[in-house]
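When a residue number appears, it is its place in the shown sequence, counting from 1.
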Amino acid sequence: MPNFTLSELNKLSEIAECERNISYKYEEYSRTVTDPQLKDKFQKCAAAHKNQYTLLEEFIKG
């Protein structure tokens, strides 16, 4: 595990928070559309960003 400075950890936390927010927005978008293909696309995007968020959180806590 690499040693990070406090500044680097703060930046990683900011990125993780952005990923969480993006995931939340895509989930919201998927709930508001009626087109099934678009709904599926939004849900896939939300899942991808949620995965990134989870990986970053695990890495930070590591």
Side-chain angles (χ1 to χ4, degrees):
M1 168 93 184
N3 292 326
F4 292 108
T5 65
L6 184 57
S7 176
E8 291 169 330
L9 286 173
N10 285 336
K11 291 297 180 187
L12 284 173
S13 294
E14 288 175 16
I15 294 168
E17 184 67 19
C18 288
E19 289 291 340
R20 187 181 68 79
N21 289 337
I22 293 168
S23 174
Y24 175 77
K25 287 179 183 182
Y26 276 123
E27 288 172 359
E28 284 294 311
Y29 298 154
S30 74
R31 286 191 281 273
T32 61
V33 298
T34 55
D35 182 341
Q37 290 178 332
L38 190 55
K39 182 182 281 290
D40 183 56
K41 183 72 106 173
F42 282 146
Q43 288 172 341
K44 286 179 180 177
C45 288
H49 286 282
K50 188 173 188 174
N51 183 49
Q52 289 291 82
Y53 166 73
T54 303
L55 289 173
L56 282 168
E57 284 294 307
E58 289 174 6
F59 189 71
I60 293 167
K61 291 177 185 174

Novice: Quick one: closest heavy-atom pair of Gln52 and Glu19, and the distance?
Specialist: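 Shortest heavy-atom contact: CB-OE1, 3.6 Å.
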Novice: So, taking the atom named CZ in Phe42 and the one named CZ in Arg31, what distance separates them when rounded to the nearest 0.5 Å?
Specialist: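 Rounded to the nearest 0.5 Å, the CZ-CZ separation comes out at 12.5 Å.
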Novice: Answer yes if Leu55 and Tyr53 sit in the same cluster of Ile, Leu, Val, Met, Phe, Trp and Tyr residues linked by side chain heavy atoms under 4.5 Å apart, and no otherwise.
Specialist: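 No, it is not one cluster - the side chains of Leu55 and Tyr53 are not joined through contacts under 4.5 Å.
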Novice: Quick check: are there more than 12 heavy atoms from other residues, nucleotides or ligands sitting under 6.0 Å from NZ of Lys50?
Specialist: no
Novice: Looking only at heavy atoms, what is the nearest atom pair of Ala16 and Ile60, with distance?
Specialist: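 Closest heavy-atom pair between Ala16 and Ile60: CB-CD1, 4.5 Å.
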Novice: Using side chain to side chain contact (heavy atoms under 4.5 Å, CB included), reason through Thr5 and Leu9 one step at a time and then give a plain yes or no.
Specialist: CA-CA 6 Å; Thr5 65; Leu9 286 173; over 6 Å; no
Novice: In plain terms, say whether Lys44 and Asp40 are close enough for a salt bridge, that is, a side-chain N and a carboxylate O under 4.0 Å apart.
Specialist: yes
Novice: Quick one: CD on Gln43 to OG on Ser30, what's the gap to the nearest 0.5 Å?
Specialist: 4.5 Å
Novice: So, using side chain to side chain contact (heavy atoms under 4.5 Å, CB included) as the criterion, who are the partners of Ile22 when residues are at least two apart?
Specialist: Tyr26, His49
Novice: Between Phe59 and Phe4, is the gap from one ring center to the other below 6.0 Å?
Specialist: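 Ring-ring flag for Phe59/Phe4: true, centres closer than 6.0 Å.
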Novice: Less than 4.0 angstrom from a charged side-chain N to a carboxylate O is my criterion; do Lys11 and Glu8 meet it?
Specialist: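 Salt bridge absent between Lys11 and Glu8.
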Novice: Between Glu28 and Lys25, does at least one N-O distance fall below 4.0 Å, as a salt bridge requires?
Specialist: no
Novice: Quick check: does any side chain N or O of Ser23 sit under 3.5 Å from a backbone N or O of Ala46, one acting as donor and the other as acceptor?
Specialist: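 Looks like yes, one N/O pair under 3.5 Å.
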